[in-house]
Amino acid sequence: DVADRMVTHLQEAGLLADPPTPQQRALLRAATPLVQERMTVLDQSVSMLGFLFVDGDVLHVDDAATSSVLTPEAGPALAAARDALLGLPEWTTESIERAMRAALVDGRGLKPKHAFGPVRVAVTGRRVSPPLFESIELLGRERTLARLNAALEHVSEPV
């Protein structure tokens, strides 16, 4: 029911077709439990879930997040996350979390905030989002890797 009530808000923002495609509807239904408790009003679905319904080249990355999180220092974490996800045989929340924790927290010795913050911004465009590993699973392998690569290009550009 909540997913159905979010449709209008997402359509008004240009994120969903009218009517939504079967793929859009399935993605919205899968994502709704991730944000349902985090929203106080339905139009928050636009900012919370918009990243799932846009192509990487039109993903809006919050300016504050870009300047404070997607810095050159984030490059190694983004590269390690990308490399960890590249070879995953199955794309599930559990395997994504396991691979990223092994690569970033265990492998690089990063605190979760510093390990996953840049990945969250690269993938969702925001510092605050639905749960990261579930979001990555829903976004899919190709789009996640493309967004990580785009973020890596951004952080390696000379300022």
Side-chain angles (χ1 to χ4, degrees), residues 1-62 64-66 69-70 74 77-106 112-152 154:
D1 181 50
V2 174
D4 292 336
R5 292 188 295 154
M6 287 190 284
V7 167
T8 302
H9 299 279
L10 294 165
Q11 286 173 329
E12 288 172 356
L15 297 168
L16 293 182
D18 187 8
T21 66
Q23 295 85 2
Q24 289 174 332
R25 193 164 292 283
L27 184 56
L28 179 57
R29 288 191 190 285
T32 297
L34 303 178
V35 298
Q36 187 170 349
E37 298 298 320
R38 296 168 185 244
M39 295 186 317
T40 53
V41 293
L42 290 171
D43 68 354
Q44 288 176 318
S45 61
V46 172
S47 61
M48 292 283 244
L49 297 177
F51 74 95
L52 290 171
F53 299 101
V54 297
D55 292 329
D57 58 343
V58 294
L59 175 69
H60 172 73
V61 179
D62 177 65
T66 299
V69 179
L70 291 184
L78 292 168
R82 180 204 52 208
D83 294 347
L85 295 175
L86 269 172
L88 277 183
E90 60 177 335
W91 197 258
T92 64
T93 297
E94 295 78 19
S95 63
I96 291 164
E97 180 174 6
R98 218 175 11 258
M100 288 185 52
R101 284 194 186 281
L104 298 169
V105 176
D106 301 335
K113 175 183 176 181
H114 295 110
F116 304 130
V119 176
R120 181 181 307 281
V121 171
V123 171
T124 70
R126 301 178 45 169
R127 285 186 285 192
V128 177
S129 71
L132 179 62
F133 308 118
E134 290 86 343
S135 295
I136 290 173
E137 179 183 1
L138 290 174
L139 189 61
R141 183 186 309 264
E142 292 77 23
R143 294 196 307 159
T144 298
L145 294 173
R147 290 181 187 187
L148 288 170
N149 284 327
L152 276 164
H154 171 78

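Basis for what follows: all heavy atoms, side chains included, without hydrogens, waters or symmetry-related copies.
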*Tell me the salt bridge (charged side-chain N to carboxylate O under 4.0 Å, His left out) pairs involving residues 29-47, sequence neighbours left out?*
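Listed once each, the pairs are Asp4-Arg29.
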_Listed once per pair and sorted, the salt bridge (charged side-chain N to carboxylate O under 4.0 Å, His left out) pairs that draw on residues 119-128, sequence neighbours left out_ =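 The answer is none; no pair qualifies.
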*Name all pairs fulfilling the ring-ring contact (aromatic ring centres under 6.0 Å, His included) condition that reach into residues 7-56, sequence neighbours left out, sorted by first residue then second.*
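Residue pairs with at least one partner in residues 7-56: there are none.
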Just to verify, what does [X] make a side chain to side chain contact (heavy atoms under 4.5 Å, CB included) with, not counting sequence neighbours?
X     : value
Pro33 : none
Asp18 : Gln11
Ala26 : none
Gln36 : Val2, Thr32

Hey, can you pull the donor-acceptor pairs under 3.5 Å for the side chains in residues 96-106, sequence neighbours left out?
residue : atom : partner : partner atom : Å
Glu97   : OE2  : Arg101  : NE           : 2.9
Glu97   : OE2  : Arg101  : NH2          : 3.4

Among residues at least two apart in sequence or on other chains, which ones pass side-chain hydrogen bond (donor to acceptor under 3.5 Å, both in side chains) with [X]?
X      : value
Glu134 : none
Thr66  : none
Thr92  : Ser95

_Flag for Glu12-Thr8: side-chain donor and acceptor within less than 3.5 Å_ =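 Distance-only check fails for Thr8 and Glu12.
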*Between Asn149 and Leu78, does a side chain to side chain contact (heavy atoms under 4.5 Å, CB included) hold up when you go through it step by step?*
CA-CA 8 Å; Asn149 284 327; Leu78 292 168; over 6 Å; no
*Residues that Phe133 engages under ring-ring contact (aromatic ring centres under 6.0 Å, His included), provided they are two or more places apart*: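 Listed in chain order: Phe116.
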_I'd like to know if the side chain of Thr144 reaches the main chain of Arg141, judged simply by a donor and an acceptor atom lying under 3.5 Å from each other, with no hydrogens or angles considered._
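Between the backbone of Arg141 and the side chain of Thr144 there is no qualifying donor-acceptor contact (under 3.5 Å).
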*Using atom types as modelled and distance alone, determine if a side-chain donor or acceptor of Arg147 lies under 3.5 Å from a backbone N or O of Gly125.*
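Such a contact is absent between Arg147 side chain and Gly125 backbone.
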*Show your working on side chain to side chain contact (heavy atoms under 4.5 Å, CB included) between Leu15 and Gln24 and close with a plain yes or no.*
CA-CA 9 Å; Leu15 297 168; Gln24 289 174 332; over 6 Å; no
